[in-house]
Enquirer: 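Encoded as structure tokens, here's the structure I'll be asking about.
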Amino acid sequence: QLSFAAGQYRATSDYKNIGLTELRALDFTRITYEVDFRVRQDSRLFIWDNRLFGVLGQSKVTDQPLQEVADDLFFETVLNLRPRSFESGLSLFPSGSFKYDTEFTPTERTERGITTRNPKQQDITLGLGVGVSEFAGFNRTRLSLTQTFDRSRNPRPDENGINLQTMYQLPILSSTLRSEFDGTYYIKQKRSTGDTRRLLVRWRSDIAIPIGSLVIGPSLNVFLFRGHKSSVVGQSPKIATAVVVGVTLGFSKEWKVQYEPLF
């Protein structure tokens, strides 16, 4: 799908060196090409979800030349054991996950003719927790303990935290409203600095409107971030925010492959 987005990042001096694209504190417009490929396999023992997401594009930041900033690759695999049902109607199931998130090139920032390259991000995150069966439109809901390893050239201290993921879907006439939430609260470590995450929240909502074989989707993205240590002694750092509105035009197809069960 082809995506156009515009928004504004609000950061503070506490996060000047954070290697996160969202913390630019500048207005921007962005045009990207995105691919979202998901594979799910069901068996008698487990449900196995896989997702590969890639984005490539360019962004125009206020008072700066056109530059490539969107070039991320994200892979996640989640293994859920078959749910155990309770009298209340809900089902719980153990869940384990592996996530790999990287950039093809480091994020660059040009200011007063000087180009600064942030460290290339390359995170590996392991998760172990419990999931809840679909209810009231919510699915893929998981609460996990996570451990993140930064494999970049200038790594942050390894981070452990508590992660909540969920997705909500609601059919509206011939369209579909989809809202995805992914939030992690990181447990403070002794070696933590202002460059280490304390809170990282991503929330995205879009509505898919079919137009023949194509789909157009207005979207809203909200990003929240908080580090550990403020640049001002005795004060906690402020929460950095990003609000992005966008519209995508793409082609979506769902296949159901027939196969012999392996388990």
Enquirer: CZ/F46 to OG/S95 distance, rounded to the nearest 0.5 angstrom?
Expert: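 Rounded to the nearest 0.5 Å, the CZ-OG separation comes to 13.0 Å.
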
Enquirer: How many angstroms lie between CG in L81 and CZ in F93, if you round to the nearest 0.5 Å?
Expert: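 If we round to the nearest 0.5 Å, L81:CG and F93:CZ are 9.5 Å apart.
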
Enquirer: Under a 4.0 Å threshold between the charged nitrogen and the carboxylate oxygen, would R51 count as salt-bridged to D49?
Expert: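 Not counted as a salt bridge, because no side-chain N and carboxylate O are separated by less than 4.0 Å.
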
Enquirer: Set out, in order, the CA-CA distance, both residues' side-chain angles and the distance that settles side-chain contact (heavy atoms from CB on, under 4.5 Å) for S97 and R142, then state yes or no.
Expert: CA-CA 10 Å; S97 64; R142 296 187 299 120; 3.7 Å; yes

Enquirer: With a 4.5 Å cut-off on side-chain heavy-atom distances among I, L, V, M, F, W and Y, is there a chain of contacts connecting M167 to L170?
Expert: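 Each belongs to a different hydrophobic cluster.
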
Enquirer: Test side-chain contact (heavy atoms from CB on, under 4.5 Å) on F37 and N50; report intermediate values, then the result.
Expert: CA-CA 8 Å; F37 181 66; N50 296 276; over 6 Å; no

Enquirer: Out of curiosity, I187 CD1 to T146 OG1, how far, rounded to the nearest 0.5 Å?
Expert: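 OG1 of T146 is found 8.0 Å from CD1 of I187.
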
Enquirer: Do R204 and D206 meet the salt-bridge criterion of a basic N to acidic O distance under 4.0 Å?
Expert: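 Yes, charged N to carboxylate O under 4.0 Å.
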
Enquirer: Is the side chain of N163 donor-acceptor paired with the backbone N or O of G183 at a distance under 3.5 Å, no angle test?
Expert: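 A pair under 3.5 Å: yes.
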
Enquirer: Distance from Y168 atom OH to L177 atom CG, nearest 0.5 Å?
Expert: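 If I round to the nearest 0.5 Å, the distance is 7.0 Å.
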
Enquirer: Can you tell me how far CD1 of I216 sits from CG of L2, rounded to the nearest 0.5 angstrom?
Expert: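 One finds 10.5 Å between CG of L2 and CD1 of I216.
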
Enquirer: Report yes or no: do F4 and Y33 belong to one cluster of Ile/Leu/Val/Met/Phe/Trp/Tyr joined by side chain heavy-atom distances under 4.5 Å?
Expert: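 No, no single cluster joins them.
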
Enquirer: Apply the test salt bridge (Lys or Arg N to Asp or Glu O under 4.0 Å) to residues D36 and R38: give CA-CA distance (whole Å), side-chain angles for both, the deciding distance (0.1 Å), then the verdict.
Expert: CA-CA 7 Å; D36 193 349; R38 307 189 188 201; 3.1 Å; yes

Enquirer: Determine, stepwise, if the pair R202 / N221 fulfils side-chain contact (heavy atoms from CB on, under 4.5 Å).
Expert: CA-CA 7 Å; R202 300 175 188 270; N221 291 269; over 6 Å; no

Enquirer: With a 4.5 Å limit on heavy-atom distance, are the side chains of F181 and V201 in contact?
Expert: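 In short, these two side chains touch, coming nearer than 4.5 Å.
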
Enquirer: Between CD1 of I124 and OG1 of T102, what distance do you get to the nearest 0.5 Å?
Expert: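 Spacing of CD1 (I124) from OG1 (T102) equals 9.5 Å.
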
Enquirer: Do the non-hydrogen side-chain atoms of S205 and S219 ever get within less than 4.5 Å of each other?
Expert: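 No, side chains not in contact.
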
Enquirer: Same cluster or not: are L164 and I239 linked, directly or through other Ile, Leu, Val, Met, Phe, Trp or Tyr residues, by side-chain heavy atoms under 4.5 angstrom apart?
Expert: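 Yes: a chain of side-chain contacts under 4.5 Å links L164 to I239.
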
Enquirer: Using the six-membered ring wherever Trp is involved, compare the ring planes of F225 and F223 and label them parallel, tilted or perpendicular (cut-offs 30° and 60°).
Expert: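 The arrangement is parallel - the two ring planes meet at less than 30°.
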
Enquirer: For the hydrophobic clusters of this structure (ILVMFWY residues joined by side-chain heavy atoms under 4.5 Å, transitively), does one cluster hold both I162 and V78?
Expert: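 Result: no, two separate clusters.
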
Enquirer: Would V245 and V215 show up in the same hydrophobic cluster when neighbours are defined by side-chain heavy atoms closer than 4.5 Å?
Expert: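 Not linked; separate clusters.
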
Enquirer: Consider side-chain hydrogen bond (donor to acceptor under 3.5 Å, both in side chains). Of T184, T125, D101, N160, which one does T148 pass it with?
Expert: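 For T148, the side-chain hydrogen bond (donor to acceptor under 3.5 Å, both in side chains) test succeeds with only one of T184, T125, D101, N160, which is T125.
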
Enquirer: Report yes if some heavy atom in the side chain of L126 is under 4.5 Å from a heavy atom in the side chain of F98; otherwise report no.
Expert: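 Result yes, sub-4.5 Å side-chain heavy-atom pair found.
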
